[in-house]
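Below is one structure, written out as structure tokens, with a few remarks after it.
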Amino acid sequence: MTNNIEQGLNKMEVKELKNNIYSVGAIDWKRRLFDELIPLPDGTSYNSYLIKGSSKVALIDTVDVSMSDVLLNNLKELKIKNINYIISNHAEQDHSGSISDVLKNYPTAKVVTNSKCKHMLVDLLQLPDEKFITISEGDSILLGDKTLEFIFAPWVHWPETMFTYLKEDKVLFTCDFLGSHFATDELFVKNEKKIYNAAKRYYAEIMMPFKTSVKRNLEKIKDLEIEIIAASHGPIYNRPKFILDAYKDWSSDEVKNKVVIPYISMHGSTAKIVDYLSGALTKKGITVESFNLTITDIGELAMALVDAATVIAASPTVLTGAHPNVLYAAYLVKVLKPKIRFMSIVGSYGWGGKMVEQLKETLASLRAEIIEPVIIKGYPKDQDLKLLKKLAEEIYRKHNEINIVKD
Ligand code: FEO
């Protein structure tokens with residue numbers, strides 16, 4: 001991997017994952033930010049799959065437009081003269097961005113997708129109407145000896161998302177769903193522990209806001225015979241149970257005996273509060289993950305939120321309110337919609353301000369129970385530490401009430 005990064009090679013060799021099914025996408029070893037927001041510590045890949053049936057050829061999704069050349073070279077390497085169908089499971093440009101380039105090289109190909117996705121592709125890529133074949137839920141397309149079936153899977157994570165199931169080979173192409181931002185030249189997952197973390201990060205950042213849809217779509221495919229899950233980011237799963245079980249766990253209603261504390265400290269008061277509170281919680285057997293927002297990779301924070309029972313925002317008062325970085329983190333927590341049950345606010349102030357109101361308002365839509373905040377004037381003194389100890393006791397009591405404290 002290191003050599004590839006050093007050499008700046010953004011390519012993916014053609015690999016056959018099953019008879020006449022090829023991985024033809026691109027590895028983006030060097031990309032470090034997605035949507036100009038999400039850190040990609042391990043790069044990513046844009047997986048595209050070519051299926052050669054006995055009479056027709058289909059391409060499942062394409063790649064980011066910046067890597068069209070990789071996809072086209074891979075198709076050339078496979079000596080593909082004709083593509084009948086370009087299946088678009090998702091309109092987002094990291095998968096659809098190269099459709100126009102593929103169409104230029106394979107002008108008789110038709111883009112096969114659902115009606116919602118078609119309209120998005122027309123808007124985003126300005127593809128002409130006559131290039132589309134619009135399919136409905138449950139439709140299938142024959143490639144001769146192979147059959148593609150379409151399973152609509154809305155809101156994982158856009159309204160038009162769908163899966164394609166290759167019936168004879170029992171391969172499910174899920175696009176973003178179940179994927180991971182992880183650049184690797186290994187076709188299949190080898191190190192499940194490593195990919196578990198990458199997939200959890202991906203789930204936290206992309207899928208967690210759509211937990212209900214995640215559950216619904218897991219339910220939808222539960223009776224499908226699946227040998228391989230080929231997502232469009234990260235390595236392919238030849239042990240589907242691994243990632244399906246992980247998704248079931250992450251999207252379940254269960255929370256762990258864990259407190260997440262995103263914080264900022266300007267002159268040490270809030271840091272002292274966080275240290276003391278973390279110690280008091282840890283002594284009670286509660287796992288604490290605190291994040292100094294001046295250096296935190298927000299993906300790590302998102303991952304910690306997946307199964308936490310409680311979030312405590314910790315901030316000094318800046319001018320009249322919370323530190324902007326804490327407000328930003330609170331906003332992220334709000335939009336990622338973790339399944340937290342409780343929240344609180346701790347922090348410090350010099351002469352006043354509306355930090356608590358501001359943070360409460362930001363986090364209100366999560367509908368988590370608010371445990372009485374502890375806001376301290378200046379540096380924490382003995383009586384303040386007692387209040388923090390009481391807060392830790394209250395959190396323990398709340399966790400105990402929902403049966404997540406293990407003795
Ligand atoms: Fe990988 Fe929603 O795009």
Side-chain angles (χ1 to χ4, degrees), residues 1-18 21-35 37-51 59-75 77-78 86-99 101-102 156-157 161 163-164 171-192 194-207 228-238 240 242-243 246 299:
M1 186 193 292
T2 309
N3 284 343
N4 279 328
I5 292 169
E6 281 168 1
Q7 292 162 26
L9 295 176
N10 287 325
K11 65 170 194 175
M12 185 188 269
E13 286 168 16
V14 173
K15 287 181 176 144
E16 192 172 33
L17 54 131
K18 266 199 148 192
I21 310 168
Y22 302 89
S23 172
V24 291
I27 306 175
D28 204 338
W29 297 94
K30 294 194 290 185
R31 190 163 179 179
R32 285 294 172 266
L33 206 56
F34 200 85
D35 288 345
L37 172 68
I38 298 168
L40 300 177
D42 303 306
T44 191
S45 65
Y46 318 110
N47 303 345
S48 172
Y49 302 98
L50 188 95
I51 304 170
L59 183 69
I60 310 275
D61 292 316
T62 66
V63 301
D64 191 88
V65 70
S66 60
M67 293 195 166
S68 285
D69 57 332
V70 178
L71 171 61
L72 294 171
N73 281 336
N74 286 344
L75 295 174
E77 198 178 303
L78 274 174
I86 303 167
I87 314 295
S88 179
N89 283 322
H90 176 28
E92 194 166 5
Q93 294 90 326
D94 51 326
H95 309 291
S96 68
S98 299
I99 290 179
D101 287 333
V102 175
V156 288
H157 62 128
T161 44
F163 308 149
T164 300
V171 181
L172 185 66
F173 299 94
T174 55
C175 202
D176 281 340
F177 193 61
L178 310 169
S180 61
H181 281 312
F182 195 87
T184 173
D185 46 19
E186 291 168 1
L187 184 61
F188 292 103
V189 172
K190 277 200 179 146
N191 184 335
E192 285 191 347
K194 202 182 264 186
I195 298 305
Y196 180 92
N197 280 330
K200 187 174 185 182
R201 174 187 273 265
Y202 188 88
Y203 169 86
E205 293 163 337
I206 312 285
M207 297 293 164
I228 287 176
I229 290 175
S232 290
H233 295 291
I236 299 169
Y237 305 96
N238 52 5
F242 156 67
I243 192 65

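The first residue of the sequence shown is numbered 1, and numbering continues consecutively from there. Only a predicted model underlies this, so the values are computations on that prediction, with no experimental measurement involved. Computation of the quantities below employed the complete heavy-atom set of this structure, encompassing side-chain atoms and omitting hydrogens, waters and symmetry-equivalent molecules.
- The closest side-chain donor-acceptor pair between R31 and Y46 falls under 3.5 angstrom.
- Checking side-chain atoms of D64 against main-chain N and O of S66 turns up a donor-acceptor pair under 3.5 Å.
- Annotation: salt bridge (charged side-chain N to carboxylate O under 4.0 Å, His left out) contacts of D101 (sequence neighbours excluded): K104.
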Run the numbers on I236 and I228 for side chain to side chain contact (heavy atoms under 4.5 Å, CB included), then give the verdict. CA-CA 7 Å; I236 299 169; I228 287 176; 3.4 Å; yes

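- Rounding to the nearest 0.5 Å gives a distance of 8.0 Å between CD of E205 and CG of L37.
- At least one side-chain heavy atom of L50 sits less than 4.5 Å from a side-chain heavy atom of L78.
- Using a distance-only test at 3.5 Å, with no hydrogens or angles considered, no donor-acceptor pair links the side chain of Y196 to the main chain of I243.
- Between L178 and A231, the closest heavy-atom pair is C-CB, 4.3 Å.
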Go through the steps for F173 and Y49 under the test ring pair (Phe, Tyr, Trp, His ring centres under 6.0 Å), then give the verdict. CA-CA 9 Å; F173 299 94; Y49 302 98; 5.1 Å; yes

Show your working on side chain to side chain contact (heavy atoms under 4.5 Å, CB included) between R201 and D42 and close with a plain yes or no. CA-CA 11 Å; R201 174 187 273 265; D42 303 306; 5.6 Å; no

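- Remark: the backbone N or O of S98 is not paired with any side-chain donor or acceptor of S68 at under 3.5 angstrom.
- For E92, the side chain to side chain donor-acceptor pair (under 3.5 Å) test picks out H90, H157, with sequence neighbours left out.
- Classified by interplanar angle (parallel below 30°, tilted 30° to 60°, perpendicular above 60°), the ring pair H233/F34 is perpendicular.
- H95 and D176 share a donor-acceptor pair across their side chains, judged by distance under 3.5 Å alone.
- Atom CG of residue L172 and atom CD1 of residue I229 lie 6.0 Å apart, to the nearest 0.5 angstrom.
- Here OG1 of T62 is found 12.0 Å from CD1 of I87. Values are rounded to the nearest 0.5 Å.
- The two residues V24 and L71 have their closest heavy-atom pair at O-CD1, 3.3 Å.
- In this structure, SG on C175 lies 9.0 Å from CG on N47, to the nearest 0.5 angstrom.
- Residues D28 and A183 come closest through the heavy atom pair O-CB, 4.2 Å.
- Rounding to the nearest 0.5 Å places CD1 of I60 at 4.5 Å from OG1 of T164.
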Derivation of the side chain to side chain contact (heavy atoms under 4.5 Å, CB included) call for Y22 and K15: CA-CA 5 Å; Y22 302 89; K15 287 181 176 144; over 6 Å; no

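- Closest approach of L59 to S48, counting heavy atoms only: CD1-OG, 3.4 Å.
- Atoms OG1 and CG, on T161 and N89 in that order, are 9.0 Å from each other to the nearest 0.5 Å.
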List the steps and the verdict of side chain to side chain contact (heavy atoms under 4.5 Å, CB included) for F163 and F177. CA-CA 9 Å; F163 308 149; F177 193 61; 3.2 Å; yes

